[in-house]
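One structure is given here, and the rest of the page talks about it.
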Amino acid sequence: MSITIPKVYEPGKIERKWYQFWHKQGYFTPKIDPERKPFVVIMPPPNVTGELHLGHALTDTLEDIMVRWHRMKGEPTLWLPGTDHAGIATQVVTEQKLAKQGLSKNGLGREEFLKTAWEWANKSREAINHQHQVIGASCDWTRERFTLHEKPSRAVRTAFVRLYNKGLVYRGERMINWCPRCLTALSDLEVTHKDIAGHLYYIRYPLDNQGFITVATTRPETFFGDTAVAVNPEDERYKDLIGKHVILPIINKEIPIIADDAVDVSFGTGALKITPAHDSTDFEVAERHNLPLVNIMNPDATMNENTGPYAGLERFVCREEVVAELKHEGLLEKIEPYAHSVGHCSRCQTMVEPKISWQWFVRTEPLAAEAIKAVEEGSITVIPERFNKIYFDWMENIKDWCISRQLWWGHRIPVWYCHDCGELTVAVDEPSHCLHCGSKQIVQDPDVLDTWFSSALWTHSTLGWPEDTDDLRYFYPTSVMETGYDILFFWVARMIMMGLEDTGEIPFHTVYLHGLLRDESGDKMSKLKGNVINPLQAIEEYGVDALRFALTTGSSPGNDINLGEGKLKSSRNFVNKLWNTSRFILQSIDAHGIADDSQLIASTIEDRWINSQLSRLIRDVNWLMEDFQFGEAAQQIYDFIWSEFCDWYIEIAKICFHSRSKPSPLPFLINTLEKSLRLLHPFMPFVTEELWQSLKEHSPDKVQMPDSIMIAPYPTAADTAIDPEAEQVMNCVIEIVRSIRNARAEHKVKMDKWIEAEIYNDELLPHLIWQKDIMEKLARVKPLAILSRQRRNPARGEALILVLKEAEVVLPWAGMVDVRAEHKRLTNESELTEARIRTLETRLKDEVFLSKAPPRVQEKDKEKLAMLQDKLRRLHLELSQLSSE
RNA sequence: GGGCGGUUAGCUCAGUGGUUAGAGCGCCUGUUUUACACACAGGAGGUCAGAGGUUCAAGUCCUCUACCGCCCACCA
């Protein structure tokens with residue numbers, strides 16, 4: 001039977017097949033085994049606002065790598081998928097969809113609107129789940145969750161009620177950020193500050209008797225809401241004016257001049273207009289001085305009746321008109337250009353208004369204290385470490401969290417107001433009557449909760465909390481929370497707070513923060529921004545494995561990732577290389593056959609070498625994975641397969657196949673490929689499964705091999721031994737071969753012809769005397785990879801070139817034979833001069849120093865330490881010898 | 001204003017005190033070679049931002065400077 005495999009890997013043909021196979025086999029669903037510690041990852045739930053973008057592909061890939069790796073290590077592994085209802089985002093999308101049909105949110109009414117939103121969300125969820133599968137995410141679909149489904153919703157209500165009962169959730173009239181377009185309150189985090197090239201307006205407020213005081217403001221239109229002018233009590237310029245009054249222009253309202261430390265003497269004129277209802281600093285000043293609040297805006301940021309003739313104007317139009325009027329009245333002293341930072345809605349980029357409003361808040365300070373402790377004490381590890389500081393800074397300065405949103409889409413706040421007694425009923429389940437007076441005239445709070453409130457519970461709500469489920473007991477706390485650093489505050493920090501609060505335990509042991517994928521202009525890719533690249537396109541062109549590999553390699557934790565076409569291509573090429581490597585090995589099995597009792601006994605130097613390199617790789621990869629350095633691990637596997645296995649071992653193997661005296665390299669070819677596939681499987685699951693299955697078909701060990709590479713054990717370092725001697729010899733061989741190739745290139749002559757010509761050169765004849773000897777040695781170390789692509793070329797010819805490079809020829813044996821004896825013999829038998837020998841000796845010393853590079857992975861690595869110490873000793877020794885000479 | 005990151009080949013980026021600082025892409029030369037041209041072989045290309053310091057040894061650790069980027073922050 002001959003094996004026919006296409007020359008080029010076609011990913012589209014197998015990806016779907018294997019995902020369905022794994023899914024059907026139930027590999028994604030862990031078995032609860034109380035004897036074993038589980039590995040648990042809860043997927044950051046994507047928003048149901050659209051399809052997945054590259055950022056999700058990155059998250060999926062990194063988590064899948066961890067999860068597949070741990071699963072292969074034999075741990076009961078749960079990766080729980082889910083989606084997030086994404087409050088504002090979904091509502092905005094739904095509104096836009098309705099608008100296209102000429103419908104409006106208010107026209108439809110709450111119930112109908114929600115129906116439309118649900119339709120969209122369900123469709124979106126389906127698409128998202130499908131895409132996770134395309135990417136190869138080995139998550140447990142039997143446990144899939146959606147934030148708005150009954151169980152997570154119940155967890156949300158329970159958490160709210162518990163916090164309320166503990167006094168950690170309260171309702172208050174506070175200064176909040178208001179988006180005039182979304183018509184809802186926003187938390188501080190949902191506000192993005194942008195530098196605006198604005199102006200500083202100097203406005204004269206006439207004093208009640210005579211003269212005026214000039215205030216500087218960026219928002220002249222808010223003066224309608226002024227209830228005082230504040231100056232610093234220490235400011236000599238204004239000391240006499242404190243307690244006096246000014247008359248607001250246009251509306252002729254009298255307000256006092258007060259003294260407050262908050263005023264910066266050096267800024268503007270040193271006099272600050274106080275607009276308590278529209279500025280948070282002013283609000284605080286007003287609270288200290290018991291000033292009244294005057295609201296001058298409608299919710300949509302048009303001016304209200306308190307602005308007299310300007311009522312109904314949009315805020316910026318009003319500004320222009322107010323400025324014109326003040327100028328007209330001679331009250332505008334000057335306008336200076338002024339760059340300042342202004343808050344914008346992170347969803348719709350509308351300038352937010354600070355606004356006094358009744359909202360629900362979480363009292364975060366006590367929660368944060370515990371959350372800080374968890375990281376400080378090391379119960380939770382953050383990778384990379386530098387985010388610790390950022391986390392602490394935020395947590396230590398945390399402010400109360402505004403959690404109510406004036407939206408329809410989301411978890412309705414579980415609070416009912418009594419029409420009769422005015423008291424609140426706060427309950428997990430809808431009450432039939434007021435718990436205080438028994439009245440049935442109760443109405444639920446119309447608002448919903450911030451999406452991040454439900455997200456904050458995600459680690460435990462997905463596992464069944466508040467019920468005491470098997471899942472919760474076994475899988476909680478989870479192992480790793482893997483997500484982008486951009487939602488450290490939004491999500492990670494809040495999960496730690498809420499996890500600790502609700503369960504008394506940390507929600508996860510490790511936080512792994514990846515970087516952000518950016519577009520050409522360096523902007524963050526995000527939904528609703530329109531600069532999102534669909535990963536499906538990349539998958540279509542290059543295959544999932546290539547995309548996953550491109551996302552993983554060449555990046556490090558916490559650093560932003562740039563995904564170029566080049567990287568995708570090279571990853572695709574690597575997949576194809578792997579494909580063809582396997583193709584060659586399978587064809588070799590077919591052509592040469594393999595004995596059923598063939599054994600892995602490394603008798604030749606190249607077998608010992610590849611075995612050693614593989615062992616080294618396995619050891620390093622395991623350590624790197626342990627240390628969350630997936631990019632580096634993938635890179636090392638790539639380098640091994642391409643540069644060592646393919647470029648050298650396989651090329652040597654080809655010679656071996658054609659030699660009668662050498663053992664078949666097949667056992668080592670198969671062993672190396674099979675282990676490489678397993679090492680690579682977490683990174684590129686599809687192609688490795690496909691190749692592994694083919695290999696299994698043809699392997700003498702097929703009976704012992706499991707049904708899928710997914711459940712095969714991950715290679716561990718104990719598999720084979722590292723063999724420094726073999727490595728050293730092969731390094732020398734490689735060096736020789738390189739020098740030969742250089743020589744060839746130098747002469748720019750085709751090998752055969754060049755040798756033919758040189759052979760008859762009289763100068764060469766003396767060297768030919770010991771050529772035979774060299775040939776024997778060459779045979780011993782098998783450096784004949786050089787012949788790989790010159791099969792018709794006699795080995796003799798290649799070896800001749802070695803002769804020309806006598807120094808290089810002698811050196812390689814330093815590590816494997818008695819060096820001194822070798823030298824002596826050469827001294828006697830060849831024409832080497834004394835001077836030449838000295839040179840060789842020096843080079844030899846160097847050679848010993850320059851043996852194989854120590855492994856890049858350190859710590860834990862005693863071997864390396866020993867090597868270093870050894871080197872150090874030699875170095876000192878040599879230095880002392882030099883100085884004594 | 002505070003904090004964090006970055007600065008390494010033409011480009012995009014790895015690099016965990018230790019050999020001659022690497023990869024991918026691009027560029028140059030050569031190769032149709034029965035695994036792979038999505039390949040093979042060879043090559044050019046680096047004052048590792050700058051200046052000091054610690055060390056037997058610094059791209060890597062310390063200090064300062066410059067530039068780029070990000071995050072946080074109520075100076076109107």
Side-chain angles (χ1 to χ4, degrees), chain A residues 5 7-9 175 188 193 200 215-219 222 230 262-264 266-269 271-275 279-284 338 340-341 343 354 384 386-387 389-390 393-394 397 485-486 488-489 515-516 522 524 542 546 550 553-556 558-567 569-588 591 623-624 627 629 631-632 635 638-639 643 646-647 650-651 654 738 741-742 744-746 748 750 788-792 846 849-854 856-859 861 864 867-868 871-872 875-876 879:
Chain A
I5 304 165
K7 271 188 172 185
V8 174
Y9 171 55
M175 176 70 65
D188 294 339
H193 289 272
L200 200 52
V215 296
T217 180
T218 53
R219 301 200 62 187
T222 62
V263 181
D264 180 355
S266 62
F267 189 89
T269 60
L272 170 64
K273 70 194 252 325
I274 301 296
T275 324
D279 183 282
S280 56
T281 311
D282 294 4
F283 179 73
E284 284 166 24
Y338 181 67
H340 61 134
S341 180
R386 69 182 136 96
F387 285 101
K389 197 176 156 58
I390 297 170
D393 282 352
W394 189 73
N397 299 306
Y485 66 75
D486 55 328
L488 177 63
F489 305 141
L516 307 179
K524 181 183 156 189
Y542 301 105
T553 49
S555 65
S556 46
N559 288 340
D560 291 352
I561 297 162
N562 160 293
L563 188 72
E565 193 86 356
K567 208 181 232 176
K569 257 187 196 154
S570 76
S571 300
R572 189 265 321 260
N573 294 354
F574 176 56
V575 176
N576 195 53
K577 186 77 180 176
L578 190 68
W579 177 262
N580 277 293
T581 306
S582 309
R583 183 163 164 259
F584 170 73
I585 292 170
L586 290 168
Q587 285 171 347
S588 300
W623 189 80
L624 288 164
D627 204 40
Q629 298 190 52
E632 189 60 21
Q635 190 64 48
Y638 175 99
D639 288 342
S643 313
C646 292
D647 288 351
I650 288 185
E651 294 307 325
K654 286 176 185 169
R738 288 248 161 84
R741 285 171 182 167
N742 283 337
R744 184 173 51 179
E746 218 172 281
K748 288 181 185 165
K750 280 226 172 188
S788 58
R789 300 193 175 272
Q790 296 285 344
R791 206 165 291 157
R792 282 156 296 170
D846 291 339
F849 274 105
L850 308 179
S851 62
K852 174 72 179 175
R856 293 158 85 181
V857 176
Q858 287 119 25
E859 311 286 335
D861 189 345
K864 183 195 161 187
M867 268 176 91
L868 291 179
K871 266 189 187 179
L872 207 62
L875 194 68
H876 282 307
L879 283 170

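These figures come from a predicted structure and were not determined experimentally. Just the heavy atoms: all of them, side chains too, but no hydrogens, waters or symmetry mates, feed the values below. Chain letters run A, B, ... following the sequence lines, proteins first, then strands; residues in each count from 1.
For the 3.5 Å distance criterion, the side chains of A:Asn573 and A:Tyr542 fail to qualify, holding no donor opposite an acceptor. A:Ser571 and A:Lys569 share no side-chain donor-acceptor pair at under 3.5 Å. In this structure, a donor-acceptor pair under 3.5 Å is present between the side chains of A:Ser556 and A:Asn559.
In this structure, B:C36 makes no Watson-Crick or G-U wobble pair, since no nucleotide meets both defining distances under 3.5 angstrom. Base pairing of B:G59: no nucleotide in any strand meets the Watson-Crick or G-U wobble criterion (both distances under 3.5 Å). The partner of B:G1 is B:C72, judged by Watson-Crick or G-U wobble contacts that both fall below 3.5 Å. The partner of B:C48 cannot be assigned: no Watson-Crick or G-U wobble pair with both contacts below 3.5 Å exists in any strand. Across every strand in view, B:U7 sits in a pair with B:A66 that passes the Watson-Crick or G-U test at under 3.5 angstrom. The partner of B:A14 is absent, by the rule that a Watson-Crick or G-U pair needs both atom distances under 3.5 Å. Pairing for B:A41 goes to B:U29, judged as Watson-Crick or G-U wobble with the two contacts each under 3.5 Å.
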Can you give me the N/O atom pairs linking the protein to nucleotides 23-30 of chain B at distances under 3.5 Å, or say none if there are none?
unit_1, atom_1, unit_2, atom_2, d
B:G24, O2', A:Ser570, OG, 3.2

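In this structure, A:Asp560 and A:Leu516 approach most closely via the heavy-atom pair OD1-N, 3.0 Å.
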- Query: Run the side-chain contact (heavy atoms from CB on, under 4.5 Å) check on A:Asp282 and A:Leu272 step by step: do they pass?
  - Reply: CA-CA 9 Å; A:Asp282 294 4; A:Leu272 170 64; 4.2 Å; yes
- Trace of the side-chain contact (heavy atoms from CB on, under 4.5 Å) decision for A:Trp579 with A:Ile5: CA-CA 9 Å; A:Trp579 177 262; A:Ile5 304 165; 3.4 Å; yes
- Evaluate the criterion side-chain contact (heavy atoms from CB on, under 4.5 Å) for residue pair A:Tyr638 and A:Thr553; output intermediate values, then yes/no. CA-CA 9 Å; A:Tyr638 175 99; A:Thr553 49; 5.8 Å; no
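A 4.5 Å side-chain heavy-atom check between A:Arg572 and A:Tyr9 finds every atom pair outside the cut-off. Inter-residue side-chain proximity for A:Asp279 and A:Thr222 is flagged as unmet; no heavy-atom pair is nearer than 4.5 Å.
Checking B:A76, B:C38, B:A35 against every side-chain atom of A:Val8, the shortest atom distance belongs to B:C38. Across B:A41, B:C75, B:G3, the shortest atom-to-atom separation from the side chain of A:Asp647 is found for B:A41. Listed nucleotides: B:A76, B:A35, B:C38. Nearest to the side chain of A:Asp279: B:A76. Of the candidates B:C36, B:A73, B:A14, the closest approach to any side-chain atom of A:Arg583 belongs to B:C36. Picking from B:C75, B:A35, B:C72 the nucleotide with the shortest atom distance to the side chain of A:Phe489 gives B:C72.
As rounded to whole Å, 12 Å separates atom C1' of B:C13 from atom CD of A:Glu632.
The ring of A:Phe489 has its center no closer than 6.0 angstrom to the ring center of A:Phe387.
The residue among A:Ser266 and A:Ser582 whose nearest nucleotide of RNA chain B lies closer to the 5′ end is A:Ser582. Mapping A:Leu272 and A:Cys646 onto RNA chain B via the closest heavy atom, the residue that lands nearer the 5' end is A:Cys646.
Comparing the C1' positions of B:A66 and B:A23 gives an interatomic distance of 29 Å, to the nearest angstrom. Remark: the separation of the P atoms in B:G3 and B:A73 is 15 Å, to the nearest Å. Of the C1' atoms belonging to B:U60 and B:G24, the separation is 23 Å, rounded to the nearest Å. When the P atom is used for both B:U7 and B:C48, the distance is 13 Å, rounded to whole Å. Between the C1' atoms of B:C71 and B:A14, the separation comes to 25 Å (whole Å). Comparing the same atom, C1', in B:A35 and in B:G43 gives a spacing of 26 Å after rounding to whole Å. Here the separation of B:A51 from B:G59, taken at their P atoms, is 13 Å to the nearest Å. Rounded to the nearest Å, the gap between the P atom of B:G46 and that of B:G52 is 22 Å.
A:Lys7 comes within contact range of the sugar-phosphate backbone alone, with a heavy-atom separation under 4.0 Å but no base atom that close. Residue contacts for A:Val575: at a heavy-atom cut-off of 4.0 Å it reaches no nucleic acid atom on any strand shown. At the heavy-atom level, A:Tyr542 lies nowhere under 4.0 Å from the strands shown.
For B:C74, its base never sits under 3.5 Å from the side chain of A:Ser280 at any donor and acceptor pair. The base of B:U16 sits within donor-acceptor range of the side chain of A:Gln629, with an N or O pair under 3.5 Å. At a cut-off of 3.5 angstrom, counting only N and O atoms as typed in the model, there is no donor on one side facing an acceptor on the other between the side-chain of A:Arg386 and the base of B:C4.
For the OP1/OP2 pair of B:C71 and a distance below 4.0 Å, the side-chain nitrogens and oxygens of A:Lys389 include no atom meeting the criterion. Look at A:Tyr485 and you won't find any side-chain N or O under 4.0 angstrom from OP1 or OP2 of B:C4. Taking only side-chain nitrogens and oxygens, A:Ser556 comes nearer than 4.0 Å to OP1 or OP2 of B:A14.
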